[in-house]
There are 2 protein chains.
Amino acid sequence: MSAHRILGDRFAGWQKLALDSSQCPVRNLLDRIGDRWSLLILCALAAEPRRFSALARDVPDISKRMLTQTLRTLETDGLVHREVEPSIPPKVTYSLTPLGQSFAGPMLGLIDWAEANFAQVQAARLRFAEAARTYSASLSAIASPAAKPLAHAHWKL
Amino acid sequence: MSAHRILGDRFAGWQKLALDSSQCPVRNLLDRIGDRWSLLILCALAAEPRRFSALARDVPDISKRMLTQTLRTLETDGLVHREVEPSIPPKVTYSLTPLGQSFAGPMLGLIDWAEANFAQVQAARLRFAEAARTYSASLSAIASPAAKPLAHAHWKL
DNA sequence: TTTACTAGGTCTCAAATAGAGACTAAAGAA
DNA sequence: TTCTTTAGTCTCTATTTGAGACCTAGTAAA
C-alpha cells in the first residue's frame with residue numbers, strides 16, 4: 001500500500017474526530033513548526049549546539065526577533081534546551097533535547113525528498129510560467145493591448 | 001550514526017555553499033511548504049481528489065483566499081493537478097500529481113512523529129508554563145506587587 | 001577617565017501577509 | 001422572477017514579520 005494512500009486514510013480518520021487544532025497532534029504540530037524558521041533552526045542545532053549569536057549568523061536572513069521567538073516556542077515544546085551561563089554579558093547556549101533529536105528522523109526524510117526532487121519542482125515551475133505566458137499572450141491578442149488579466153476569466157467559456 | 005548527526009552534517013554542508021534560498025533545495029522547499037496550510041491540503045488530496053468547495057469544507061478554518069493561493073503554489077510546483085470541467089458554473093477538481101504522491105512518504109514520517117510524540121510535547125508545555133508561573137511569582141515577591149516582568153531581567157545576576 | 005565593545009535579547013514602528021466577508025457571472029430550478 | 005450553485009476575486013481589517021534602535025554592566029582599549 002503506497003504512502004499516499006496510507007496518508008489519505010489517516011486524514012480521513014482525523015476528519016471523523018473533527019480535526020480541531022488544539023486536540024489533533026498533526027494540526028498542532030503544523031501550527032508550530034509550519035513556519036519558515038523552525039525546521040531550519042532545528043537543522044542548525046542538529047549540527048551542533050550553538051550560542052544565540054552563532055545561530056543568528058548561521059541561519060541566514062533571520063532577524064533577532066524571530067530567532068528569539070522561534071527558539072522560545074521550540075523550548076516550550078521541549079524540542080530545544082536553553083542554557084544560560086551567568087557571566088556578564090550572559091552566554092546562552094541552545095541544543096536539541098532528546099525529543100528534538102528524535103525529530104531529526106522525519107526531518108531528514110523531508111530534506112532528502114527536497115534534494116532528490118528539486119529539479120522536478122523547478123521544471124514544473126518553468127512549465128507553469130511558460131503556460132501563463134502563452135495564455136496571457138493569447139488574451140492580449142484578442143483584447144486591447146493594455147488589457148489586464150480579466151477577473152473570472154475562467155468563467156467566459 | 002543517528003539521524004540527528006546526519007542531519008547536522010547535511011546542514012554544515014549547505015553552509016559552505018552559502019545557503020541561498022533560491023539555490024538551496026531545502027530552503028526553497030521550506031519557503032514553500034513551510035506554512036500552516038500546504039501540508040494539510042496535501043494530506044486531504046492524498047485521501048482523494050477533491051473539488052474546491054470540498055477542500056474548503058474538509059480543511060477546517062481555511063479561508064477561500066488562502067485555499068486558492070496555496071493550491072496555486074502547489075500547482076506551480078507540480079505537486080497538485082488542477083482540472084477544470086467546462087460547465088457553468090465550472091467544476092474544478094484538484095488531485096495529487098505523481099510528484100505530489102511521492103511526497104507522501106516524508107509527510108507520513110512527520111505525521112507519525114507528531115502522533116507518537118504529542119503527549120511529550122504537551123508535557124513539556126505544561127512544565128514550561130509551570131516554570132514561568134513560579135518564576136514570575138518569585139519576582140513579584142521581591143518587587144512591588146504590580147511590577148511588570150522586567151526587561152533584561154536575565155542580566156540582573 | 002572616558003569610550004568602545006560585547007551578548008542576548010526587547011521595543012517600536014513600518015511593511016508584508018492572512019483572514020472575513022461581500023461580490024461576480026451564467027445557467028438551471030422553483 | 002428570484003434563488004441557488006461554483007470557484008474564485010476584491011477590499012478592508014487584523015495579525016505577523018522584519019528592521020533597527022536601545023539596554024545592561026563588566027572588561028579592554030585610548
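Numbered from 1 within each chain, the chains take letters A, B, ... in sequence-line order. Predicted model only: the values in this text are computed from it and were never measured.
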Stretch residues 45-52 of chain A: residues that reach within less than 4.0 Å of DNA chain C through a heavy atom:
A:R51, A:F52
Using whole Å, what does the distance between atom C1' of nucleotide D:dG18 and atom CZ of A:R36 come to?
10 Å
Minimum-distance nucleotide to A:T68 side chain [options: D:dG18, C:dA7, C:dG9]:
C:dG9
Decide side-chain contact (heavy atoms from CB on, under 4.5 Å) for B:M107 and A:L7; before the verdict, give the C-alpha distance in whole Å, the side-chain angles of both, and the deciding distance to 0.1 Å.
CA-CA 8 Å; B:M107 215 167 19; A:L7 189 60; 3.1 Å; yes
Taking C-beta and beyond as the side chain, do A:L39 and A:L110 meet within less than 4.5 Å on heavy atoms?
yes
With the side chain defined as heavy atoms from C-beta on, B:Q69 is closest, among D:dA7, C:dG8, C:dA18, to C:dA18
Is there a donor-acceptor pair closer than 3.5 Å between any side-chain N or O of B:D77 and the backbone N or O of B:L79?
no
With no hydrogens and no angle check, is any side-chain donor or acceptor of B:D9 less than 3.5 Å from a backbone partner on B:A12?
no
Please check if the side chain of A:S38 supplies one atom and the backbone of A:G34 the other of a donor-acceptor pair under 3.5 Å.
no
To the side chain of B:I88, which of C:dA27, D:dA25, C:dG9 is closest?
C:dA27
Nucleotide C:dT17, atom P - distance to CE of B:M66 in whole Å:
10 Å
Could you state the NZ-C1' distance from A:K91 to D:dA25, rounded to the nearest angstrom?
14 Å
Sequence neighbours excluded and cut-off under 3.5 Å, please list the side-chain donor-acceptor pairs for residues 114-123 of chain B, or say none.
from   : atom 1 : to     : atom 2 : distance (Å)
B:E115 : OE1    : A:R10  : NH1    : 2.8
B:E115 : OE2    : A:W14  : NE1    : 3.2
B:N117 : OD1    : B:W113 : NE1    : 3.3

Interatomic distance where CD belongs to B:E85 and P belongs to D:dA7 [whole Å]:
9 Å
Distance in angstrom units between A:E83 CD and C:dA7 C1', rounded:
16 Å
Mark yes or no for whether B:R36, through its side chain, and A:R27, through its backbone, hold a donor-acceptor pair below 3.5 Å.
no
Please pick, from D:dT6, C:dT6, C:dA27, the nucleotide with the shortest atom-to-atom distance to any side-chain atom of A:P89.
C:dT6
Closest to the B:R82 side chain: C:dT10, D:dT17, D:dG8?
D:dG8
Provide, to the nearest angstrom, the distance between the CG atom belonging to B:L67 and the C1' atom belonging to D:dA7.
10 Å
Between the protein and nucleotides 19-21 of chain D, which nitrogen or oxygen pairs come in under 3.5 angstrom?
none

Between D:dG18 and A:W37, is there an OP1 or OP2 to side-chain N/O distance shorter than 4.0 Å?
yes
Mark yes or no for whether A:R50, through its side chain, and A:Y94, through its backbone, hold a donor-acceptor pair below 3.5 Å.
no
Rounding to a whole Å, what distance do you find between A:D31:CG and D:dT15:P?
16 Å
Are OP1 or OP2 of C:dG9 and a side-chain N or O of A:Y94 less than 4.0 angstrom apart?
yes
I'd like to check B:F52 versus B:T68 (side-chain heavy atoms, cut-off strictly below 4.5 Å). Are they in contact?
yes
